[in-house]
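As the structure is a computational prediction, the values presented were derived from the model and not from experiment. Residue numbering restarts at 1 for every chain, and letters A, B, ... go by the order of the sequence lines. Excluded from the calculations below are hydrogen atoms, water molecules and symmetry mates; all remaining heavy atoms, backbone and side chain alike, are included.
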Number of protein chains: 2
Amino acid sequence: MQQTRQTKQRKIILEKLRKVHTHPTAEEIFQMVLPLLPKVSLATIYRNLEFLEKQGEILKLEHKNNESKNRYDGHTEPHRHLICKKCGEIVDISCCCCCQMNKKDLAKYGFTVDDGFIEILGLCKKCSHK
Amino acid sequence: MQQTRQTKQRKIILEKLRKVHTHPTAEEIFQMVLPLLPKVSLATIYRNLEFLEKQGEILKLEHKNNESKNRYDGHTEPHRHLICKKCGEIVDISCCCCCQMNKKDLAKYGFTVDDGFIEILGLCKKCSHK
DNA sequence: ATTCTTATTGCAAATGGTTCTCAATAAGCA
DNA sequence: TGCTTATTGAGAACCATTTGCAATAAGAAT
């Protein structure tokens with residue numbers, strides 16, 4: 001059993017992520033914490049994001065549309081993500097009425113589904129007007 | 001207006017992808033066509049997959065769970081994907097009753113959604129038994 | 001058929017997000 | 001206050017994907 005330590009870096013990364021309602025990349029998070037942690041390294045950002053995800057404190061969004069970067073979400077309450085296939089924008093939507101339905105349907109396939117992990121791909125307003 | 005040419009490579013890649021009901025990676029597709037195209041290069045696989053996706057002949061699945069590779073789907077009829085967050089397995093499911101509902105809900109957010117592009121993340125039978 | 005244009009290929013090198021190595025640092029128990 | 005070792009910072013390594021370029025081959029024109 002390995003103890004875990006509460007480091008300044010880990011604390012600040014989580015705080016920043018909680019405060020924001022976007023879905024920043026590791027690089028963006030790096031920029032966000034830089035004023036508070038001028039010496040922090042990108043590797044530390046990645047390591048802490050992985051740690052926090054394993055602890056269930058944050059979500060890692062691994063869908064990459066036209067950008068090969070993961071994004072992170074500091075809010076773990078059940079919600080869904082609308083992802084624009086063109087510009088990669090991610091929009092939160094509240095859990096709609098068909099969650100229950102999905103769960104039943106999906107049980108047939110042996111899948112266990114968490115409401116927080118449904119991603120719907122489409123085109124955002126801007127991109128669909130082109 | 002640039003003409004497009006029907007090359008042996010392009011034809012075989014699409015045929016192989018159509019024949020199969022899995023969601024192979026570029027590397028796996030490379031292995032699949034190697035017997036028919038012993039001199040083919042991985043770059044050609046990637047270029048043709050991009051081409052075929054732009055033509056709407058195949059789907060590119062950009063969600064990467066525990067594997068940093070894109071996957072491809074030779075079947076473009078509306079269907080959804082169940083993706084296992086742990087092992088990355090992708091299962092096709094037929095379009096269920098809540099498609100309509102989703103579309104209406106999502107219109108509120110300005111999103112245009114195509115049935116083929118809904119991905120539901122969860123745990124497959126094997127992984128949920130651990 | 002043959003020629004000609006240029007889209008496409010194969011190879012190798014480049015790219016870029018993420019992970020890893022390792023010595024130095026610091027959290028927090030004794 | 002000292003001590004153990006989890007964590008950090010810096011840079012190198014990794015690896016899926018993309019790109020540059022000369023060679024090849026579709027397929028239209030002759």
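To the nearest angstrom, C1' of D/dT18 lies 15 Å from CD1 of B/I45. Atom-to-atom, CZ of B/R71 to P of D/dA16 comes out at 12 Å; the value is rounded to the nearest Å. The distance from atom NZ of A/K11 to atom C1' of D/dT7 is 16 Å, rounded to the nearest whole Å. Rounded to a whole Å, the CD atom of A/E50 is 9 Å from the C1' atom of C/dT19. Counting to the nearest Å, the C1' atom of D/dT18 and the NZ atom of B/K60 are 10 Å from each other. As rounded to whole Å, 17 Å separates atom P of D/dT19 from atom CZ of B/F51. Going from atom CG of A/L37 over to atom P of C/dA26 covers 13 Å, rounded to whole Å. Per the geometry, CZ belonging to A/F30 stands 14 Å off P belonging to C/dT18, to the nearest Å.
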Just the atom pairs and distances: protein N or O near nucleotides 11-17 of chain C's N or O, under 3.5 Å.
{"unit_1": "C/dG17", "atom_1": "O3'", "unit_2": "A/S68", "atom_2": "O", "d": "3.3"}

Strictly under 3.5 Å: I want the nitrogen or oxygen pairs between protein and nucleotides 27-30 of chain C, one per line.
{"unit_1": "C/dA27", "atom_1": "N3", "unit_2": "A/R5", "atom_2": "NH1", "d": "3.2"}
{"unit_1": "C/dG28", "atom_1": "OP1", "unit_2": "A/Q6", "atom_2": "N", "d": "2.7"}

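For residues 32-45 of chain B, there are no salt bridge (Lys or Arg N to Asp or Glu O under 4.0 Å) pairs, not counting sequence neighbours. The side-chain hydrogen bond (donor to acceptor under 3.5 Å, both in side chains) contacts involving residues 49-58 of chain B comprise B/R18-B/E57, B/E50-B/K54, where partners must be two or more places apart or lie in separate chains.
For A/E119, the side chain to side chain donor-acceptor pair (under 3.5 Å) partners are B/H63, not counting sequence neighbours. Checked against side chain to side chain donor-acceptor pair (under 3.5 Å), B/K85 has no partners two or more places apart in sequence or in another chain. In this structure B/K16 satisfies the side chain to side chain donor-acceptor pair (under 3.5 Å) test with no other residue, sequence neighbours excluded. By the side chain to side chain donor-acceptor pair (under 3.5 Å) test, B/R10 pairs with B/N48, sequence neighbours left out. For A/Y72, the side-chain contact (heavy atoms from CB on, under 4.5 Å) partners two or more places apart in sequence, or in a different chain, are A/L17, A/A26, A/I29, A/Y46, A/L49, A/I58, A/K60, A/N70. Every residue meeting the salt bridge (charged side-chain N to carboxylate O under 4.0 Å, His left out) condition with B/E28, not counting sequence neighbours, appears here in chain and number order: B/R71.
An angle of 30°, rounded to 10°, separates the two end axes of the helix from C/dA1-D/dT30 to C/dA30-D/dT1, each defined over five pairs.
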Could you check A/H21 against A/D92 for side-chain hydrogen bond (donor to acceptor under 3.5 Å, both in side chains), going step by step and ending with a plain yes or no? CA-CA 9 Å; A/H21 286 272; A/D92 286 339; 5.3 Å; no

Step by step, work out the side-chain contact (heavy atoms from CB on, under 4.5 Å) result for B/I45 and B/I13. CA-CA 8 Å; B/I45 305 291; B/I13 289 170; 3.8 Å; yes

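Here the side chain of A/H75 pairs a donor or acceptor atom with the backbone of A/V20 at under 3.5 angstrom.
Taking 4.5 Å as the limit, every side-chain heavy atom of B/I120 sits out of range of all side-chain heavy atoms of B/H81.
Using a 4.0 Å cut-off between charged nitrogen and carboxylate oxygen, B/K19 and B/E15 do not count as a salt-bridge pair.
Within residues 14-23 of chain A, no residue has a heavy atom under 4.0 Å from DNA chain D.
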